[in-house]
Chemist: 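The structure is given below, and queries will be raised subsequently.
In what follows, chains are A, B, ... by sequence order, proteins preceding strands, each numbered from 1.
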Amino acid sequence: MIRLYDTVRGEVRDLTLRSPGRVSMYVCGPTVYDLPHLGHGRFTLVWDVARRWFTFQGLSVHYVSNVTDVDDNIIARANLESRTESDVAAQYEKEWWDAMTRLGVARPDDTPHATHYIEGMIDLIASFLDRDVAYVTSDGVYFDVSSVPDYGLLAGQPLESLRAGARVEGSDEKRSPLDFALWKNAKPDEPSWPAPFGDGRPGWHTECVVMALDLLGEGFDLHTGGFDLKFPHHENERAQAEAAHKSFARHWAHHGFVMVGGEKMSKSLHNFTSLTDLLDKTDPRAYRLLVLRSHYRSPIEVTPSIIADAERALDRLDTLARRFQLSVLGGDNFELASSHAWEDESLELYERVVASMNDDLNTPFAVAELFEALTAANLMADEGHGASARRLAQSINALFGALGLSLLAGSHVTDEVTEKLVIERDAARLSKNWADADRIRDELVQRGWIVEDGASGTVIRRS
RNA sequence: GGCGGCGUGGCCGAGUGGUUAGGCAGGGGCCUGCAAAGCCCCGUACUCCGGUUCGAAUCCGGACGCCGCCUCCA
């Protein structure tokens, strides 16, 4: 049984599935108006890991993540750069998927776009107006939050106390500061769609309700996003579903932020590092390992030295892959738990990792178990138990693969000169000509290789 | 103001009341021609003050500090 923290209840509880063996999950995706930042990288990794883990465990996963391609920020950028909104959205969506590919984040099964769901949103808004849970103002249509009795459930606060803290905005026609825009009336130079209640464009909170219900259906299993989406975004999604008399997500889970110097990373604070930038400078697997080594609900700090730390840890994993010539798992290629042979040490490892992962996705503990197993595998091999060491290493590989982390034995592509140097060095070592052997080693190092003396002679790999 | 979370060894980071989390860095050792890789050993931490308990990082109360949400935001 998989247990997961539930935001509504404020505690870890069983993830009960709508239909056994199948997980339906909706993850709030990006608004495509700028390069993805580290925070986006984190959340996509966190839920990619969850998805992979569910799959690994034999569940059939339906993973939906939206792309918001109409919004104020996109419009602002388009106007600033004298481009069309769709041009801006297309550019940054491409940047998004490029970054996801490099991160090793698997494509969602569905990636609905807000602009493809305008009709459904209009229908929903019209039904709200019919039923008097929404009202028209001079600038659009607003949802009346007081029409939902348990509004504030996700925020953990009743409507009254939320209202008390709400910032008061100038003079608008909203009945409550918490009421939110379902539809924004068309303005010059803005994209708009015809609607019975006036031409315009949808507000942000409506798209996810319509798309989630369309693709996953009522009572889908899991809805996730960052803590900042808990309120008001998710609360407002839920409120709309309630008002539409549709059962919505059974389970809500939220992940922690990426911090910069103790503060939340965000575009509005201008303290973000682009994910693209990080991926250009480091092994993308380092970020995945970093994310795995902290709990998804905790904040993480991402600095160059912390990334470097993860890269060094990665070296040890790759050394294992090299030592046992492990095949590359992870990415699009991974084993299912049921197809791997778990026995002895492997079985113990597997059971511990399962216990950790199924306990609210405790990836840090799972990774700790894997590192302990790594030491054990090396020790077994050192002591001459090659076969069992190799079996354990393969299991470690399979489990990291299930978390989306590929262990790489590294490339052995060399050139003639390098090959010649290796042969010369082996000859020198054989004749105990240490001076020449060391000189050649220095030369190989200068050419960018790390040199190790293996049982069968000089072994090189890229530094 | 309301609600929520966090304060762990040099750094990162888990932690179910009593037994070594794990990683990185550092020190010592084994192995090695020397290295590298690997393995072994070492630091014995838990913001502070009370309380409960035979025993608390872990439970309760309080203090201090930090962070998040209540506005666009992953």
Chemist: If you look at every strand shown and take non-hydrogen atoms under 4.0 Å, does A:Gly256 touch a base, only sugar-phosphate, or nothing?
Modeler: base
Chemist: Could you tell me whether the side chain of A:Ser268 has a donor or acceptor atom within less than 3.5 Å of a complementary atom in the base of B:C72?
Modeler: yes
Chemist: Taking CD in A:Gln446 as the centre, count heavy atoms belonging to other residues, nucleotides or ligands within less than 6.0 Å. Is the count above 12?
Modeler: no
Chemist: Please tell me which of the listed nucleotides, B:A36, B:A74, B:G13, lies nearest to the side chain of A:Ser294?
Modeler: B:G13
Chemist: Can you check whether A:Tyr26 and A:Tyr63 have ring centres sitting under 6.0 Å from each other?
Modeler: no
Chemist: Examine B:C72: is either OP1 or OP2 under 4.0 Å from a nitrogen or oxygen in the side chain of A:Asn73? Give yes or no.
Modeler: no
Chemist: Under 4.0 Å, counting only non-hydrogen atoms across every strand here, what does A:Arg439 touch: a base, just sugar-phosphate, or nothing?
Modeler: nothing
Chemist: Assign A:His254 to base, sugar-phosphate, or nothing according to its heavy-atom contacts below 4.0 angstrom with the strands shown.
Modeler: nothing
Chemist: For A:Asp360, is there an ion pair with A:Arg3 - N to carboxylate O distance below 4.0 angstrom?
Modeler: no
Chemist: So, is A:His40 close to the B:A74 phosphate, meaning a side-chain N or O under 4.0 Å from OP1 or OP2?
Modeler: yes
Chemist: If we check ring pair (Phe, Tyr, Trp, His ring centres under 6.0 Å) with A:His223, which of these qualifies: A:His234, A:His254, A:His251, A:His233?
Modeler: A:His234
Chemist: Report the residue (A:Leu229 or A:Gln157) whose heavy-atom-nearest nucleotide on RNA chain B is the more 5′ of the two.
Modeler: A:Gln157
Chemist: Give a yes or no on whether a salt bridge exists between A:Asp71 and A:Arg77, defined as a side-chain N under 4.0 angstrom from a carboxylate O.
Modeler: no
Chemist: Does A:Asp438 contact B:G33 through a side-chain donor or acceptor facing the base, at a distance under 3.5 Å?
Modeler: yes
Chemist: Backbone N or O of A:Val64 within a donor-acceptor pair of the A:Asp110 side chain at under 3.5 Å?
Modeler: no
Chemist: For A:Lys230 and B:G68, is the shortest distance between a side-chain N/O and OP1 or OP2 below 4.0 Å?
Modeler: no
Chemist: Report yes or no: do A:Thr137 and A:Arg175 form a side-chain donor-acceptor pair below 3.5 Å?
Modeler: no
Chemist: Taking the six-membered ring for Trp and the single ring otherwise, decide whether the centroids of A:Tyr92 and A:Tyr33 are under 6.0 Å apart.
Modeler: no
Chemist: Charged N to carboxylate O under 4.0 angstrom, A:Glu443 versus A:Arg425?
Modeler: no
Chemist: Heavy atoms only, 4.0 Å cut-off, all strands: where does A:Lys264 land among base, sugar-phosphate and nothing?
Modeler: base
Chemist: Taking the cut-offs as 6.0 angstrom to the six-membered ring centre and 45 degrees off its axis, would you call A:Arg201 and A:Trp183 a cation-pi pair?
Modeler: no
Chemist: With salt bridge (charged side-chain N to carboxylate O under 4.0 Å, His left out) as the criterion, how do A:Asp318 and A:Arg322 come out once you've worked through the C-alpha distance, each side chain's angles and the decisive distance to 0.1 Å?
Modeler: CA-CA 6 Å; A:Asp318 288 345; A:Arg322 227 180 302 120; over 6 Å; no
Chemist: Quick one: which of B:G33, B:A14, B:C12 gets closest to the side chain of A:Ala437?
Modeler: B:G33
Chemist: So what does A:Val258 touch, heavy atoms closer than 4.0 Å: a base, only the sugar-phosphate, or nothing?
Modeler: base
Chemist: Within the modelled atom types, does a donor on one side and an acceptor on the other bring the side chain of A:Arg441 and the base of B:A36 under 3.5 Å apart?
Modeler: no
Chemist: Between B:C70, B:A74, B:A36, which one does the side chain of A:Pro232 approach most closely?
Modeler: B:C70
Chemist: On RNA chain B, compare the nucleotides closest to A:Arg163 and A:Val451; which residue's is nearer the 5' end?
Modeler: A:Val451
Chemist: Restricting both atoms to N or O, compile the protein contacts to nucleotides 17-22 of chain B shorter than 3.5 Å, with distance only.
Modeler:
none

Chemist: Just to be sure I follow the notation: if a pair is Watson-Crick (purine N1 to pyrimidine N3 plus N6-O4 or O6-N4) or a G-U wobble (N1-O2 and O6-N3), each under 3.5 Å, what dot-bracket string does RNA chain B give, with | for pairs to another strand?
Modeler: (((((((..(((.....[...))).(((((.......)))))....(((((..]....))))))))))))....
Chemist: Just checking A:Ala155: base, sugar-phosphate only, or nothing, at a heavy-atom cut-off of under 4.0 Å?
Modeler: sugar-phosphate
Chemist: Provide a list of protein-nucleic acid N or O atom pairs under 3.5 angstrom, restricted to nucleotides 29-32 of chain B.
Modeler:
none

